[in-house]
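First the structure, in the form of structure tokens, and then the observations on it.
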Amino acid sequence: MKTVVVKCGGSVLKELSESFFDSMKALLADGYKIVFVHGGGPEINAMLEKMNVQSEFKNGLRVTSKEVLEAAELVLSGSMNRKLVRLLEAHGIAAIGLQSSDQGILEADFINEEELGYVGDVTSVNKSVLETILQTGLLPVLTPIAKGPNGTVLNVNADHAAGAAAYSLAADHLLMVTDVDGVLNDGKLVTVLTGAETERLIETGVISGGMIPKVNTALKALESCGHVHIVSGKKPFYEDGKWYGTQFNKEEAAK
Ligand SMILES: Nc1ncnc2c1ncn2[C@@H]1O[C@H](COP(=O)(O)OP(=O)(O)OP(=O)(O)O)[C@@H](O)[C@H]1O
Ligand SMILES: [Mg+2]
């Protein structure tokens, strides 16, 4: 089974272009099975504002109190997941929404409870649930909310969640869809990145904020996945077997 894990950023959910869905359909037509994982950053921010709850980020990760977790789950599982499934269905793609804490689709452990609160790093993925759904021809749409230890539920950065799913499925491709064309340097798209070059761009501050968990996820996923790209959701990302955006190169990354 040829699989692609597509992570769609909350940053671009409202701006997904028709050509994005054409690329999704092209992948399906070429025999790829797709697992979708979504974020919801801007919508969670809007909900927190409504609830009058402050939130902060540390190294691109949202510090998650009980209240923030409640808001994140409400937005991600309640509204973003529903919207995405309907959007895919409206484009003729048969999709099914999954809450990743159910059946331990994603299981996670606290990263640092004291510093980050209810934020998790994925420790296991229930591959058999995902593979069973893929075999029926449906496209699973996963929330980045995981089952934590002792009955807890943990907020997982959606890049990390998608990376863990791609790693565990040994996916052919991991695609991280965001609101920019890929990794930019001086406003110009970097078409190929290696591990060493990525590190240099982080150190010099070219790569910052939400791009940090994305590139780290990309490099980690390369250990198990064939190809990793960061692409824009406002444009096509796959046409006639060709991929766009920033490509992370396995051979060069391993140097
Ligand atoms: N070198 C860089 N090249 C491109 N974007 C960068 C770079 N450094 C930082 N960024 C920022 O990273 C952002 C993308 O990450 P962000 O976390 O905001 O979105 P997302 O991951 O797509 O959405 P979500 O977090 O909701 O899932 C870009 O919009 C840009 O502001
Ligand atoms: Mg992000």
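Heavy-atom basis, side chains included; hydrogens, waters and symmetry copies ignored. Values in this document were obtained by computation on a predicted structure and should not be read as measured data. First listed ligand is number 1; within each ligand, the first listed atom is number 1.
The aromatic ring centroids of F20 and F237 lie less than 6.0 Å from each other.
At a distance under 4.0 Å, a protein heavy atom can be found next to atom 9 (C) of ligand 1. Proximity of atom 31 (O) of ligand 1 to the protein is not indicated, since no non-hydrogen protein atom lies closer than 4.0 angstrom.
For ligand 1, the polar-atom distance check finds an N/O of G10 within less than 3.5 Å of one of the ligand's N/O atoms. Ligand 1 has no N or O atom lying under 3.5 Å from any N or O atom of A158, backbone or side chain.
Shown in contact with S11 at under 4.0 Å from a heavy atom are these atoms of ligand 1, numbered in order with element: 19 (O), 20 (P), 22 (O), 23 (O), 26 (O).
Looking at S19, its side chain never comes within 3.5 Å of a backbone N or O of D22 through a donor-acceptor pair. A donor-acceptor distance shorter than 3.5 angstrom exists from the side chain of T246 to the backbone of V183, with no hydrogens or angles considered. The backbone N or O of A146 sits nowhere less than 3.5 Å from a side-chain atom of S101 that would complete a donor-acceptor pair. Without hydrogens or angle criteria, T136 side chain to I133 main chain gives a donor-acceptor distance under 3.5 Å. D181 contributes no side-chain N or O that, together with a main-chain N or O of L189, makes up a donor-acceptor pair within less than 3.5 Å.
In this structure, C8 falls outside the shell of residues with a heavy atom less than 4.0 angstrom from ligand 1. For S208, the heavy-atom gap to ligand 1 drops under 4.0 angstrom.
Atom 28 (C) of ligand 1 has as its closest protein heavy atom D179 OD1, 3.5 Å. For atom 5 (N) of ligand 1, the closest non-hydrogen atom of the protein is M211 CE, 3.3 Å. Looking only at heavy atoms of the protein, atom 14 (C) of ligand 1 is closest to T178 OG1, 3.5 Å. With hydrogens left out, the protein atom closest to atom 3 (N) of ligand 1 is L184 N, 2.9 Å, a heavy atom. Atom 16 (P) of ligand 1 has its closest protein heavy atom at G210 CA, 4.0 Å.
Residues passing the ring-ring contact (aromatic ring centres under 6.0 Å, His included) test with F21, sequence neighbours excluded: H91.
Only one option out of D179, T178, V180 pairs with V12 in a side-chain contact (heavy atoms from CB on, under 4.5 Å); it is D179. With V206 as the partner, the side-chain contact (heavy atoms from CB on, under 4.5 Å) test is satisfied by one option alone out of T198, V190, N185: N185.
Contacts of V180 with ligand 1, taken as heavy-atom pairs under 4.0 Å, involve the side chain alone. When non-hydrogen atoms are compared, ligand 1 lies under 4.0 Å from the side chain of K214 (C-beta onward) but not from its backbone. At a heavy-atom distance under 4.0 Å, only side-chain atoms of K7, from C-beta outward, approach ligand 1.
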List the atom pairs, donor and acceptor, that lie under 3.5 Å between side-chain atoms in residues 111-121 and the rest of the protein, sequence neighbours left out.
| residue | atom | partner | partner atom | Å |
| --- | --- | --- | --- | --- |
| N112 | OD1 | E114 | N | 3.3 |
| N112 | OD1 | E115 | N | 3.2 |
| Y118 | OH | K66 | NZ | 3.2 |

